Number of protein chains: 2
Amino acid sequence: MDAIAVAAPESQKKRRKGEETRAQILETALELFRERGYEETTMRAIAESAGVSVGNAYYYFKSKEHLIQAFYARTHEEHLAASREVLDRERGLRERFLGVMRAKLDTIEPYHQFSGVLFKTAADPASPLNPFSAESLPVRQQSTELFTEVITGADTRLPAELVAALPNLLWVYHMGIVLYWIHDSSPGCAKSYRLMERSVRLILRLISLFQFPLLRPFLRELLVLVTELRGDVTPAQAAPAVE
Amino acid sequence: MDAIAVAAPESQKKRRKGEETRAQILETALELFRERGYEETTMRAIAESAGVSVGNAYYYFKSKEHLIQAFYARTHEEHLAASREVLDRERGLRERFLGVMRAKLDTIEPYHQFSGVLFKTAADPASPLNPFSAESLPVRQQSTELFTEVITGADTRLPAELVAALPNLLWVYHMGIVLYWIHDSSPGCAKSYRLMERSVRLILRLISLFQFPLLRPFLRELLVLVTELRGDVTPAQAAPAVE
DNA sequence: AGCCTGAATTGAACGCGTTCAATTCAGGCG
DNA sequence: CGCCTGAATTGAACGCGTTCAATTCAGGCT
């Protein structure tokens with residue numbers, strides 16, 4: 001048996017080892033987070049449970065928050081996968097949009113209990129977890145692309161300028177829904193689903209309204225506002241001045 | 001001199017003392033926050049600077065976060081005062097709305113550097129600082145009333161259902177602007193002011209559009225959505241289940 | 001085999017927010 | 001006047017996240 005497996009080079013074996021430890025720590029951490037909550041889970045407990053020293057946990061994760069970031073990346077992947085399924089299946093704009101949004105809520109549902117901490121750290125402009133930070137730019141871009149795909153892959157034709165601006169708008173909208181969801185304590189987060197479904201319907205209606213020439217100037221101004229401000233706000237362009 | 005001042009009862013003298021200590025601690029804390037930032041200011045430093053013991057600081061403020069809450073209450077008062085001035089002066093809906101929003105940004109400007117921490121804690125559903133929490137309900141109500149006054153005191157007449165729903169909508173909108181402001185690193189937060197002015201204009205335009213019967217069903221649905229969901233989300237209705 | 005090097009790992013130590021048993025203070029009462 | 005009581009105040013101690021100098025480990029080179 002081992003004679004067959006020899007092919008693996010040394011450096012790869014080394015990397016494998018490190019990645020296993022890393023995965024072990026992350027897995028243990030997420031489990032403890034789910035069991036006891038974030039604040040109640042200490043780094044010492046994580047390390048002990050994972051069979052490593054405290055310092056070693058910090059070797060792989062710069063801070064306790066970075067463990068959340070890893071989790072964040074994971075649910076993001078899950079959402080992408082779930083959305084892909086919807087987008088492959090559906091052609092109607094409404095179904096696609098609704099499906100992606102529903103997938104979002106479904107994906108994050110298991111973590112609702114400690115979503116507060118997640119958002120708490122995510123809201124800090126200085127945190128790498130901040131959705132506007134440079135560190136989470138890839139994730140943000142992927143999410144935005146998702147909404148691009150929702151629109152361009154649908155059988156509905158929309159004016160070009162709207163197509164250009166909508167993805168970012170919808171991304172912000174979806175963040176708003178998540179924000180509501182975080183504070184939603186209704187059973188099964190039913191209210192969040194309800195709000196999402198209704199607001200999606202409303203948005204689609206609003207979009208269709210833009211066909212009327214009456215509303216064109218309004219639309220124009222909205223688009224100018226959005227494109228003018230998009231992206232330039234992130235504090236990441238210059239390193240935060242800490243003396 | 002003292003013969004005149006004798007009138008003060010004992011209990012009042014006592015209360016005065018306590019309140020002075022409390023004020024002393026708060027003043028020192030806010031000063032240090034502004035100087036060095038929130039995270040960099042330790043409770044020990046605050047206590048020492050205020051000439052009290054650490055424990056005593058905790059006697060008056062349950063936690064470091066509660067010092068922020070006190071600051072929050074203060075800027076809220078300032079905003080109310082500044083808004084009052086505007087509302088007494090202006091009669092046009094646009095001027096009133098713009099004035100109140102501008103006053104908001106002006107009021108919080110001095111604290112922009114540590115606004116991140118403010119929002120970070122405010123975003124946590126479990127935190128008393130959370131704008132949706134029971135503890136900040138009075139502040140939230142006052143803010144909402146402010147927008148009621150913006151509308152009802154203006155010389156523009158609006159449909160009754162709109163008048164009923166707008167205050168809450170505008171409050172949420174104003175929170176959104178603050179959220180943008182927190183992440184705004186442009187000089188003088190110019191971008192936030194710009195966004196605010198443009199979006200205010202847009203909102204007013206949107207409001208005036210509702211006069212067209214074409215948009216009535218849209219408006220209806222929007223109002224239903226808002227009134228249905230308003231307020232019931234706060235997790236404060238039942239004590240958070242902590243085992 | 002022996003050495004070198006850089007990754008992996010350790011655990012004691014630091015600084016922080018927070019707690020709390022103990023102490024002081026000051027006004028009311030017999 | 002001395003006692004009582006509750007508010008005000010103290011500071012040592014706790015548990016936490018985080019750091020870092022020191023140590024081990026394992027592969028590559030001579």
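Computed from a predicted model, the values in this text were never measured in an experiment. Throughout, protein chains are lettered first and strands after them, A, B, ... in sequence-line order, and every chain is numbered starting at 1.
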Spacing of CH2 belonging to A:Trp181 relative to NE2 belonging to A:His174, to within rounding of 0.5 Å: 11.0 Å
Sequence neighbours excluded - salt bridge (charged side-chain N to carboxylate O under 4.0 Å, His left out) pairs with any residue from residues 103-117 of chain A: none
Show your working on side-chain contact (heavy atoms from CB on, under 4.5 Å) between B:Val54 and B:Ile46 and close with a plain yes or no. CA-CA 8 Å; B:Val54 193; B:Ile46 294 172; over 6 Å; no
Reported OH-to-CD1 distance for the pair B:Tyr193 and B:Ile177, which is rounded to 0.5 angstrom: 12.0 Å
Heteroatom pairs (N/O) under 3.5 angstrom, protein to nucleotides 16-21 of chain C:
unit_1 : atom_1 : unit_2  : atom_2 : d
C:dG17 : OP1    : B:Thr41 : O      : 3.4
C:dG17 : OP1    : B:Lys64 : NZ     : 2.6
C:dG17 : OP2    : B:Met43 : N      : 2.9
C:dG17 : N7     : B:Arg44 : NH1    : 2.8
C:dG17 : O6     : B:Arg44 : NH2    : 2.8
C:dT18 : OP2    : B:Tyr58 : OH     : 2.7
C:dT18 : OP2    : B:Lys64 : N      : 2.8
C:dT18 : O5'    : B:Tyr58 : OH     : 3.4

By side-chain hydrogen bond (donor to acceptor under 3.5 Å, both in side chains) - contacts of A:Tyr59 (at least two apart): none
Near DNA chain D, under 4.0 Å by heavy atom, which residues of residues 22-33 of chain B? none
Over how many whole Å does the gap from B:Tyr59 atom OH to D:dA8 atom P extend? 4 Å
List for me each residue that meets side-chain contact (heavy atoms from CB on, under 4.5 Å) alongside A:Glu27, sequence neighbours excluded, and say none if there are none. A:Arg74
side-chain hydrogen bond (donor to acceptor under 3.5 Å, both in side chains) partners for B:Thr75, two or more places apart: none
Counting heavy atoms not belonging to A:Arg198, are there more than 12 under 6.0 Å from its CZ? yes
Pairwise side chain to side chain donor-acceptor pair (under 3.5 Å) hits with a residue in residues 43-54 of chain A, at least two apart: none
Protein and nucleotides 22-25 of chain C: nitrogen or oxygen contacts under 3.5 angstrom:
none

With A:Arg22, which residues qualify under salt bridge (charged side-chain N to carboxylate O under 4.0 Å, His left out), at least two apart? none
Sequence-distant partners of A:Glu197, side-chain hydrogen bond (donor to acceptor under 3.5 Å, both in side chains), two or more places apart: A:Arg102
Identify each donor-acceptor pair in which a side-chain atom of residues 141-151 of chain A lies under 3.5 Å from a protein atom, sequence neighbours left out, and give them as a table.
unit_1   : atom_1 : unit_2   : atom_2 : d
A:Gln142 : OE1    : A:His76  : NE2    : 3.1
A:Ser143 : OG     : A:Val139 : O      : 3.3
A:Thr144 : OG1    : A:Arg140 : O      : 2.8
A:Thr148 : OG1    : A:Thr144 : O      : 3.1
A:Glu149 : OE1    : A:Arg84  : NH1    : 3.2
A:Glu149 : OE2    : A:Arg84  : NH1    : 3.2

Does a side-chain N or O from A:Thr21 land closer than 4.0 Å to OP1 or OP2 of C:dA8, or not? no
First locate atom NE2 of A:His112, then atom CD1 of A:Ile182, and finally report the distance between them rounded to the nearest 0.5 Å. 7.5 Å
Please give the stem ranges for DNA chain D, sorted by first residue number, where a stem is three or more consecutive Watson-Crick or G-U pairs and both donor-acceptor distances are under 3.5 Å. C:1-3 with D:28-30, C:5-26 with D:5-26, C:28-30 with D:1-3
